[in-house]
Amino acid sequence: MVLGASQVTATEDLEVGDVLWETPVNGRAMSSAAFDGDALYVGTAGGSASTPSGTLYRLHQETGEPVWDQSFPNWLMAAPALSSTRVYVGCDDTQLYCLNKADGEILWHFDTAGRIDSTPCLDTQGRCYFGSRDRFVYALDHEGALLWSHFLTGGVASSPVLDEREGRLYVADLANTIYALDLEGNRLWSYKPRQGNVMGVRLRIYSSPCLDDQNYLYVGSGDHFLYAVDRTSGNLFWREDTGDLVDSSPVIGTDGSLYVAHRGGELLKYFTEPFIAEREIWRNPDIGQVFYGSPTIDREGNVYICGAPPLTEGETEPQSQLSYIDQESGEILWSTTFPGYTDATPVLDPAGNVYIGTANERFYKIHGAGNPLDDASWPTFRGHPTGHGRFEQTFSKWLTSFQIPPEFAGTGRDSDGDGFRDLEEFAAGTSPRDAHDFPRLTIGSQRFTFPLQKGVRARFQLQTSPRLETWEASPLPLPSFQFEDLGERWDISTSLPLDGAATRFLRIFWQTAN
């Protein structure tokens, strides 16, 4: 049954920070919402510790009216994650739930041995990866069947993130350790920032990693530090003392700057360049305590953040302060407050409006600065408003440029059984295994270029395929290929025989001569 009714404010004479609508919900709406362009999905924590309950809502973006709600037997502390047709959410009853996005029907659930406040991440094949307080990371298929589980040294409250192009999953645990796993569940490396305690604080990582375009991972820790780690090796790149507990997840702007907030009530901006004397750019001490929420960066590069300012004289109830901060100076351009605290990350829609929920059992739409989400690699919690935790900014553009449908983007798939993964054949062609030997497709000129090592006797053939099931030789005569002498190798190029009638995939098929 749908509960509650929204209160909508007239749009005349609106100012930034004004509430456009507020919707009562059943429980504290402290977790981050997910947004798919049409609706908001937010979970709540209702009842008491002895009689807990939770509700997941789908709210209409324009009116705030509940489209549907679904009840759960315990708190929903994790943010939901969205695919095109499904909603995934973890619950304190130790179950991960998968729901139909259209009507909220529970399609399946998967039981662990610990509560789940780790937001799942989803890949393009419909697989789901998440952590549990039982110290395991899990991978489930589209129907909720277990693919694998991997035991860590501590419970998982941090939300894993996925670099699907590289076939890697990154996650941190409450034993203050960061891990990289492959998509079969094998550990590639682990990095432990520190041993022991700092100033009596138990070391732990609640912060979710964020990924940049330069092969680095950033994550905060309970030891007051922000860490940058090489994603390939797991080696420390740099670390910065923030001055307090960092349970918030960092984000990245278009200019490559890194933003993170801590429990002491400061928002910090950092350079990410490798060799720099002073990494900190500015810090703002007036945003209020930030527990688990992340900053959100808009298209102008300015920053939204929700904090909990100290109670002033005469106040009896905690509040949340939504601040809009200038990227250059770090100064608050405007702010507004709401009753009840929050752990949520602000959500932006294409019109630049802001959505946030608080512990006073309300969910709000606020008139923002008018700018949509930044077009950066990781501008908000989980990198995307849908909360799916997938590093897709580079990956999706890469797929699009080669016209690769998502269903063929699995990192281990070999559709034609020739020993080369589909991803290798799509973007690289079948070529010698050296990474620098991958062919290149120049989209604008429809020209295909690939290297041929000197001293290697090999025959090559340009092949095409309509659906990746069978490949056939392209009718290109040898004189159509041009050879450029680059010293140790030839650079070979040719114009593509595309007639525009249908999408055709391209590869170079190599055969080494004896």
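These numbers come from the heavy atoms of this one structure, side chains and all, not from hydrogens, waters or symmetry mates.
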task = Output yes when D173 and R135 qualify as a salt bridge under the 4.0 Å nitrogen-oxygen rule, no when they do not.
result = no
task = Output, in order, the C-alpha distance, side-chain angles, deciding distance and verdict of side-chain contact (heavy atoms from CB on, under 4.5 Å) for Y227 and Y191.
result = CA-CA 11 Å; Y227 289 87; Y191 173 73; 4.1 Å; yes
N235/W189 under side-chain contact (heavy atoms from CB on, under 4.5 Å): CA gap, chis, key distance, verdict = CA-CA 9 Å; N235 294 328; W189 55 256; over 6 Å; no
query = Between the side chain of Q70 and the main-chain N/O of G104, is any donor-acceptor distance below 3.5 Å?
reply = yes
query = Take atom CD in E143; do more than 12 heavy atoms of anything else shown fall under 6.0 Å from it?
reply = yes
query = Does P24 offer a backbone N or O that forms a donor-acceptor pair with the side chain of E361 under 3.5 Å?
reply = no
request  = Report the distance from atom CG of D223 to atom CG of D244, rounding to the nearest 0.5 Å.
outcome  = 11.5 Å
Flag for D212-S377: side-chain donor and acceptor within less than 3.5 Å = no
query = Closest heavy-atom contact between R127 and L147?
reply = CD-CD1, 3.4 Å
query = Could you give the distance from CZ (F381) to OG (S207), rounded to the nearest 0.5 Å?
reply = 9.0 Å
request  = Return yes if some donor-acceptor pair links the side-chain N/O of S320 with the main-chain N/O of G340 below 3.5 Å, else return no.
outcome  = yes
query = When rounded to the nearest 0.5 angstrom, what is the spacing between CG in L20 and CD in E62?
reply = 9.5 Å
task = Determine whether D247 and R204 make a side-chain contact, defined as any pair of heavy atoms from C-beta on separated by less than 4.5 Å.
result = yes
note = Note: T342 and A29 closest approach over all heavy atoms is OG1-O, 4.3 Å
message = Pair W282, L267 - check side-chain contact (heavy atoms from CB on, under 4.5 Å), show working.
response = CA-CA 8 Å; W282 52 252; L267 176 68; 4.0 Å; yes
query = Any side-chain heavy atom of M77 sitting closer than 4.5 Å to one from Y292?
reply = no
ask   = Would you call R168 and L211 a side-chain contact if the rule is heavy atoms closer than 4.5 Å?
value = no
request  = Go through the side-chain N and O atoms of D298 and Y324 and say whether any donor and acceptor fall under 3.5 Å apart.
outcome  = yes
task = Please report the C-alpha distance between H150 and R187 in whole Å, then the side-chain angles of each, then the deciding distance to 0.1 Å, and finally whether the side-chain contact (heavy atoms from CB on, under 4.5 Å) criterion is met.
result = CA-CA 8 Å; H150 188 97; R187 186 179 301 187; 3.2 Å; yes
message = Name the residue from W148, F151, Y129 that meets the ring-ring contact (aromatic ring centres under 6.0 Å, His included) definition with F136.
response = F151
key: Side chain T94, main chain D111, donor-acceptor under 3.5 Å   = no
remark   = Between S208 and V219, the two heavy atoms sitting closest are C-CG2, 4.2 Å
query = Are R28 and W75 in a cation-pi contact, defined as NZ or CZ under 6.0 Å from the six-membered ring centre and within 45° of the axis?
reply = yes
task = Would you kindly say whether H384 and R390 are connected by a side-chain donor-acceptor distance under 3.5 Å?
result = no
ask   = Are any side-chain N or O atoms of S323 and backbone N or O atoms of I325, one a donor and one an acceptor, separated by less than 3.5 Å?
value = no
task = Taking all heavy atoms of Y270 and all of V260, pick out the closest pair and write down the distance.
result = CE1-CG1, 4.0 Å
query = Given side chains that start at C-beta, do those of T23 and E65 come closer than 4.5 Å, heavy atoms only?
reply = no
query = Regarding Y179 and T153, is there a side-chain donor-to-acceptor distance under 3.5 Å anywhere?
reply = yes
ask   = Any donor and acceptor pair, going by atom type alone, linking the side chain of S294 with main-chain N or O of S248 inside 3.5 Å?
value = no
key: Which atom of P66 lies closest to which atom of L59, heavy atoms considered   = CA-CD2, 3.7 Å
task = Check for a donor-acceptor pair, side chain of E166 on one end and backbone N or O of N215 on the other, with a separation under 3.5 Å.
result = no
Gap separating the CD1 atom of I332 from the CD1 atom of I305, nearest 0.5 angstrom = 10.5 Å
Plane angle bin for F130 and Y138 - parallel if under 30°, tilted between 30 and 60°, otherwise perpendicular = parallel
task = Look only at the side chain of R86 and the backbone of G126, and say whether a donor-acceptor pair between them is shorter than 3.5 Å.
result = no
ask   = Should the ring pair F237 and Y216 be called parallel, tilted or perpendicular, given that the plane angle runs from 0 to 90° and is split at 30 and 60?
value = parallel
ask   = So, T380 and T296: side-chain donor and acceptor under 3.5 Å apart, yes or no?
value = yes
inquiry  = Could you check whether any side-chain heavy atom of R58 comes within less than 4.5 Å of a side-chain heavy atom of K101, counting everything from C-beta outward?
reply    = yes
message = Just by distance, no angles: are the side chains of T254 and D374 close enough, under 3.5 Å, to form a donor-acceptor pair?
response = yes
task = Say whether, by atom type as modelled, one donor and one acceptor occur between the side chain of W21 and the main chain of Q61 under 3.5 angstrom.
result = yes
inquiry  = Distance alone, cut at 3.5 Å: any donor-acceptor contact between the side chains of Y170 and D163?
reply    = no
query = What are the two closest non-hydrogen atoms of T119 and G387, and how far apart are they?
reply = CG2-O, 3.8 Å
Any donor-acceptor pair under 3.5 Å from K269 side chain to Q327 backbone = yes
message = Just so I know, are the side chains of R382 and C121 near enough to count as touching, which here means a heavy-atom distance under 4.5 Å?
response = yes
request  = Return yes when atom OH of Y341 has more than 12 non-hydrogen atoms of other residues, nucleotides or ligands closer than 6.0 Å, and no otherwise.
outcome  = no
Enclosure of E273 CD (heavy-atom neighbours >12, cutoff 6.0 Å) = yes
task = Could you check if a side-chain atom of C210 sits within less than 4.5 angstrom of a side-chain atom of I252, using non-hydrogen atoms only?
result = yes
Close side-chain approach of L268 and E280, heavy atoms under 4.5 Å = yes
